[in-house]
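Okay, structure first, notes after.
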Amino acid sequence: VLAALFVATMIPDAPADALDESLAELRTIAGPQLSYLEADGQPGLRFLAGRLTVSPVDDLRAAGREFLARHAAALGLARGAALVFEREIPLLTGAVLRYRARIAGIPVVGGEAALRFDRDGILRVVNSDLRPFRSIAPPEPLLGSAEAAATTLDLPPVIAPAAGSDLWAG
């Protein structure tokens with residue numbers, strides 16, 4: 001559903017009406033130029049466009065952190081997950097800031113958000129690939145620690161344990 005509406009505010013672990021609150025807040029900033037996309041069956045915004053911040057900023061990362069802190073739940077960030085800044089991509093017309101969701105420090109597959117600022121430092125576009133989880137619990141071990149250690153000792157030397165940065169959740 002593509003519609004022109006206003007802004008709403010959200011924070012992680014917000015109540016179910018956080019999406020409506022975020023849209024209400026964004027409407028007060030963007031007015032009738034606010035466009036957004038909600039995917040059917042997905043409890044969050046996938047796309048926002050319009051003037052999404054009130055005034056120009058010099059520190060895009062600080063503005064991105066503030067926006068995401070207010071609207072993370074509306075964008076679909078799961079409870080127990082955190083958004084971590086990954087990189088800034090400079091453009092001729094501004095910059096894009098990319099964030100990745102992490103659970104217990106492990107990156108979530110497909111858990112990304114991108115914020116596009118114009119050259120004046122106004123947030124203009126947000127794309128979210130975030131999806132809330134029903135629960136986040138550690139997996140049940142398949143082997144006991146003694147059996148796992150014995151199995152590891154039997155592995156050929158070409159297999160090396162993966163670094164923590166190579167592990168992905170989701």
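A quick note: this is a predicted structure, and the numbers were derived from the prediction, not measured. In what follows, residues are counted from 1 in the order of the sequence shown. Heavy-atom basis, side chains included; hydrogens, waters and symmetry copies ignored.
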Supply the atom-to-atom distance [X] [atom1] to [Y] [atom2], rounded to the nearest 0.5 angstrom.
X: Leu48; Y: Arg116; atom1: CG; atom2: CZ; value: 14.0 Å
X: Leu123; Y: Glu66; atom1: CG; atom2: CD; value: 10.5 Å
X: Leu115; Y: Asn127; atom1: CG; atom2: CG; value: 9.0 Å
X: Phe117; Y: Thr53; atom1: CZ; atom2: OG1; value: 6.0 Å
X: Tyr99; Y: Leu75; atom1: OH; atom2: CG; value: 12.0 Å

Q. In this structure, are over 12 heavy atoms from other groups packed under 6.0 Å from Asp58 atom CG?
A.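 No, because the 6.0 Å sphere around CG of Asp58 holds 12 heavy atoms or fewer from other groups.
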(Q) If hydrophobic clusters are built from ILVMFWY residues whose side chains come within less than 4.5 Å, do Val57 and Leu68 share one? (A) yes
Q.
Is there a path of hydrophobic side-chain contacts, each under 4.5 Å between heavy atoms of I/L/V/M/F/W/Y residues, joining Ile122 to Phe47?
A. no
(Q) Test side chain to side chain contact (heavy atoms under 4.5 Å, CB included) on Arg51 and Arg124; report intermediate values, then the result. (A) CA-CA 5 Å; Arg51 184 183 181 111; Arg124 296 292 182 173; 3.7 Å; yes
Q. Shortest non-hydrogen contact from Gly110 to Arg100?
A.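 Shortest heavy-atom separation between Gly110 and Arg100 comes out as N-NH1, 3.8 Å.
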Q | Minimum-distance pair of heavy atoms, taken over all atoms of Phe67 and Leu52 | A |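 So the two residues come closest at CE1-O, 4.1 Å.
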Q) Do the non-hydrogen side-chain atoms of Asp118 and Thr93 ever get within less than 4.5 Å of each other? A) no
**Q.** Any donor-acceptor pair under 3.5 Å from Arg98 side chain to Ile89 backbone
**A.** no
